[in-house]
Structure formats: structure tokens, C-alpha cells
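What follows is a set of notes on a single structure, which appears directly below.
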Amino acid sequence: MKLEVRQVTQVTDSLLEAFGRLMPQLSPRLEAPSGERLRAVAAGPSAALFTAESGGAVVGVLTLVWYDVPSGHKAWIEDVVVDAAARGMGAGEALVRAAHAAAVGAGKVMLTSNPSRGAARRLYAKMGFKEAETTVFACKTDTE
């Protein structure tokens, strides 16, 4: 499988379709983001969308976000998903490598991974990520 990783600069119908297909594979509760949301992320000053493509089709996506806080310049990898049909072929690793390269200047690149995603967790460990001795807390702010 010939794989190309690209940073998204333009949101196309095929990209919208890919997110619609991939996000539920990340979590069944996730729906496709709107074109407006994807365009805002792609054009935003503190985020980058990446795709892994094979044969002209998007087989994986990743979002990198970065921010500055008093403790330094940091980056988070979010929403990493590779199509079930393309897993094990290097798309996840290629996406994470592209994001890591784009996070120049970040003292730390972080991500979270559900314990049930064994293959993803093994990949992250292989790529040098260490499990942090911390707990992520979340609080919903919307009322839906």
C-alpha cells in the first residue's frame, strides 16, 4: 500500500465523507463533523489536520493542536483514526510521525488512548510515548 500523509489545507467533499466514515470507528457516539467545523480547524492558527491517503482514498486522519501556557509550549494529538480495512499497514505511524514533526518547539507532545485500543497503545509506546502517571478529568460544558 503506497501511503501519502498530507496536511489538510482545503476541506473537500471526499474529506467530509472520510470523516463521516472514520469518526464512528474511533467511537460509535461520534458523528461526522460539519464542513464548517473542519474548515475552522484546518484554517485555525493552533491546529492542523492530517490525512493518510492510499490510492486516492483517505484511510486515516489525525488532528494536532498546540498551545502556550506558563509551563511551556505544548501539543496534543487528537482524533487519530485509521480505517479498519487499512489498519496494520503503517497509516497510524505515518500520521503520528507527521504530527510530531509539525509540533516543532513543543516541549511535549501528548495524547490519550482508550485502554481498549490495544494496537494503538502499542504503536504509541513503540514511537516513544510513555504512559503518564496522571488522570485526565473531563466535565461536560454543554447541556445536551
Requested in this report: Please report the shortest heavy-atom distance between P45 and W66, naming the atom on each side.
Outcome: O-NE1, 3.4 Å
Report task. For S14, enumerate each residue passing the side-chain hydrogen bond (donor to acceptor under 3.5 Å, both in side chains) test, keeping only those at least two apart in sequence or located in another chain. Result -> T12
Requested in this report: Could you tell me whether the side chain of R121 and the main chain of S113 form a donor-acceptor pair under 3.5 Å?
Outcome: yes
Query raised in the report: Atom CE of M89 and atom NZ of K2: how far apart are they, to the nearest 0.5 Å?
Result: 15.5 Å
Report task. Calculate, to the nearest 0.5 Å, the distance between atoms NE2 and NZ belonging to H73 and K108 respectively. Result -> 13.5 Å
Report task. Could you pull out the closest heavy-atom pair between V80 and R117, with the gap in Å? Result -> O-NH2, 4.5 Å
Report task. Treat each ILVMFWY residue as a node, draw an edge where side-chain heavy atoms are under 4.5 Å apart, and state whether V82 and F50 are in one component. Result -> yes
**Report entry** Donor-acceptor side-chain pairing of S34 and E36 below 3.5 angstrom
**Finding:** no
Query raised in the report: Would a hydrophobic clustering, with Ile, Leu, Val, Met, Phe, Trp and Tyr connected at side-chain separations under 4.5 Å, put V61 with I77?
Result: no
**Report entry** The single option from V41, L49, L38, T63 passing side chain to side chain contact (heavy atoms under 4.5 Å, CB included) against V8
**Finding:** L49
Requested in this report: Report the C-alpha separation of E93 and K126 in whole Å, then their side-chain angles, then the decisive distance to 0.1 Å, and conclude whether the side chain to side chain contact (heavy atoms under 4.5 Å, CB included) test is met.
Outcome: CA-CA 9 Å; E93 183 172 352; K126 178 181 119 178; 3.1 Å; yes
Requested in this report: Supply the atom-to-atom distance K130 NZ to Y124 OH, rounded to the nearest 0.5 angstrom.
Outcome: 15.5 Å
Report task. Could I get the full list of side chain to side chain contact (heavy atoms under 4.5 Å, CB included) partners for A103, not counting sequence neighbours? Result -> L64, A75, A106, V109
Query raised in the report: Side chains of V59 and L3: does their closest heavy-atom pair fall under 4.5 Å?
Result: yes
Query raised in the report: Does the side chain of L22 reach to within under 4.5 Å of the side chain of V58, using non-hydrogen atoms?
Result: yes
Query - Separation between CG of L95 and OG1 of T51, rounded to the nearest 0.5 Å - result: 7.5 Å
Query - NE2 on H100 to CG on L62, rounded to 0.5 Å - result: 12.0 Å
Requested in this report: For residues L123 and F129, determine if any side-chain heavy atom of one lies less than 4.5 Å from a side-chain heavy atom of the other.
Outcome: no
Query raised in the report: In terms of hydrophobic clustering (I, L, V, M, F, W, Y; side-chain heavy atoms under 4.5 Å; direct or indirect links), are V11 and L30 co-clustered?
Result: yes
Report task. Going by the side chain to side chain contact (heavy atoms under 4.5 Å, CB included) test, name the single residue among D68, V69, V65 that passes it with K74. Result -> V69
Requested in this report: List in chain and number order the residues that pass side-chain hydrogen bond (donor to acceptor under 3.5 Å, both in side chains) with D13, two or more places apart in sequence or in another chain; answer none if no residue qualifies.
Outcome: none
Query raised in the report: Between atom CZ of R29 and atom CE of M23, what is the distance when rounded to the nearest 0.5 Å?
Result: 9.0 Å
